[in-house]
Amino acid sequence: MSDQTQAKSLPRVLSGMRPTGKLHLGNYMGALANWVKLQDSNQYECYFFIADLHALTTDYADPSRIKLNTLDVALDWLAAGLDPEKSTVFIQSHVPQHAELHLLFSMITPLGWLERVPTYKEQLENIKGKDLTTYGFLGYPLLQAADILLYQAQFVPVGQDQIAHVELTREVARRFNSMYKTPVFPEPDVLLTPSPKLTGTDGRKMSKSYGNTIGLSESPQIAGKKILEMSTGGQRIRQDDPGDPDLCPVGDLHKAFSTSEIQAETQHGCRTATLRCEFCKLKAANSVRDVTWPIYLKRQELESRIDDTWEMLRAQSAKAAERAEQTMQSVRSILDLSRDLGAVRRYFGLADGDRRDPRDLSTNKNWWNLPSDQQEKLIQEYWSKNVLPRDIHLTREANRVFPTIRRELEEPFITTKKKRVLATIQTAVREPGGWHFRIPSKTYEVWVLLCWDEKYRLNDFVIPQKFYAQQFAQAKKASKDSDIHVLIWKLNGRWNLSFAPLQRQVGNANVSDAVDPIDITELLGKYDSLQ
Ligand code: TRP
């Protein structure tokens, strides 16, 4: 299997970070280290991006450092082991589909959903000195939903604070899918990062806004000095007093960075007051250095040629945009925003002959990368808009001019002359010997069977009952379940239809031993039996 086909079958993971500049040890332990693990497990198709548009939701008044911070984050990611050969590493704003999907989601998202997200009110109250009573800030989690759903990601590795955002994402996915009766968006799950809490040098949570951080790619000398001056949580003022490493910021560093031996040794030394704090800190600094030294070196090297990193981000963003565009084509088509004229042509009385061969789907090759239900939905829609002759109206409900096939309903279409028509699309993976259809064992006046071949050509067989009635009756008798299995197969340029031998797995069916094939070559695209 090539890398690419393999990647397709893997579940997708997506996460992002706002560009707040160089990362600190808390960011590393809380997210990045875990991302690198996910990437290196080779179990996921990974997308990691820098959420520069999200940065603008709070920093719109001074955007002067967005690009610098974006690059700073990217350099730290690469230095820490994110690998563009294995993951797609990109910049959110370079993939304009994020903004497009966000806009479209804004149409269907009730205001109350956004007002109720807990981080909204919290930040509105806590972030001082910025006017956050803006539309963009309210929409922050909706932009995040667009980020995730654009790639139809199944897993989102984030910390506790992001759970509410992923929950909103699930709600938006559900609403879109049910509103338009198409399962475009899977509901993603949080992959909660198992992160040891990291305390900053002053004993508060490590955070840029407190100025108490230790940088991930900081030089070991500077990091070491900070650690030696670090708070011990007010403990062991006299070194003869024992301490509790669970209450000590240095203890947290050991838990995150030290080997279990060093952890055991320092914890014992602390509790028995046999190890002085400065030695304990020295050991913590060494443990941190063991992890960050290669990251520091790698970053130094990357900084000497930042153009390469920028070029990489641009190329990776273009690659992400290709995947994003697949989703957007489904979304635009559902919202009647697709780029082709499609069904509108028939309002102007234009015949099919005016356009290029309507059965040629080769310009829609990207449909073949989608999950089969979505792919079928697009092809069905395409068929009813572009292939079905415009003077034939198949209806289900009185006012529905353009039908879509809803397999689960198994409800026939009705023609103007009140004929009952089954229109169905090949559901299984293409069998080695032909295309396999499951057909409800009910009676219809006409079947329309759709399938496509290797050349992306749509084949539409319009088969009146008299062509298959006899074999159908036989198959119905033999059928144990309520479906009839039908194969279409091509041999020496002729198309044949046969009823699959039902006693056997259709996947193994050998078409040559099916009885009485019916030659349906001349029924290709012949819609007169519907009139
Ligand atoms: N809101 C996230 C944070 O502050 C960043 C983010 C933006 C994100 N879009 C995302 C995370 C999509 C995961 C998935 O950390």
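We number each residue from 1, following the sequence as shown. Values reported hereafter were calculated over all heavy atoms of this structure, with side chains retained and with hydrogens, waters and symmetry mates removed. Just follow the structure's listing: the first ligand is 1, and inside any ligand the first atom is 1. Everything numeric here is computed off the predicted structure, so don't read it as measured data.
Less than 4.0 angstrom separates some heavy atom of V158 from each of these atoms of ligand 1: 11 (C), 13 (C). Less than 4.0 angstrom separates some heavy atom of V156 from each of these atoms of ligand 1: 13 (C), 14 (C). Ligand-side atoms of ligand 1 in range of R18: 4 (O), range being under 4.0 angstrom from any heavy atom. Residue contact check: L14 has heavy atoms under 4.0 Å from atoms 12 (C), 14 (C) of ligand 1. Atoms of ligand 1 lying under 4.0 Å from any heavy atom of Q162, numbered from 1 in the order shown and given with element: 1 (N), 2 (C), 3 (C), 4 (O), 15 (O). The distance from ligand 1 to the heavy atoms of H54 drops below 4.0 Å at these ligand atoms: 7 (C), 9 (N).
Looking only at protein heavy atoms, the nearest one to atom 9 (N) of ligand 1 is D147 OD2, 2.7 Å. Scanning the protein for heavy atoms near atom 5 (C) of ligand 1, the closest one is G16 O, 3.6 Å. For atom 1 (N) of ligand 1, the nearest protein heavy atom (residue, atom name, distance) is Y140 OH, 2.7 Å. Among all protein heavy atoms, the one lying closest to atom 10 (C) of ligand 1 is Q144 CG, 3.4 Å.
Counting only N and O atoms by type, the side chains of Q39 and D83 include no donor and acceptor under 3.5 Å apart. In the model, Q316 has no side-chain atom that pairs as donor or acceptor with a side-chain atom of T88 under 3.5 Å.
With a heavy-atom cut-off of 4.0 Å, Q92 does not touch ligand 1 at all. The side chain of I148, and not its backbone, has at least one atom closer than 4.0 Å to an atom of ligand 1 (non-hydrogen atoms only; side chain from C-beta on).
Cation-pi geometry between R204 and Y210 is satisfied (NZ or CZ under 6.0 Å from the ring centre, within 45° of the ring normal).
The two residues Q92 and F49 make their nearest non-hydrogen contact at CB-CD1, 3.7 Å.
No more than 12 heavy atoms of other residues, nucleotides or ligands lie within 6.0 Å of CG in D336, so this atom counts as exposed by the packing criterion. Summarising the local packing, CD of Q300 is surrounded by more than 12 heavy atoms from other residues, nucleotides or ligands at distances under 6.0 Å.
With sequence neighbours left out, the salt bridge (charged side-chain N to carboxylate O under 4.0 Å, His left out) criterion links E229 to K225.
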Let me have the donor-acceptor pairs involving side chains of residues 106-114, under 3.5 Å, with sequence neighbours excluded, atom names and distances please.
from: S106; atom 1: OG; to: L103; atom 2: O; distance (Å): 2.5
from: T109; atom 1: OG1; to: F105; atom 2: O; distance (Å): 2.7

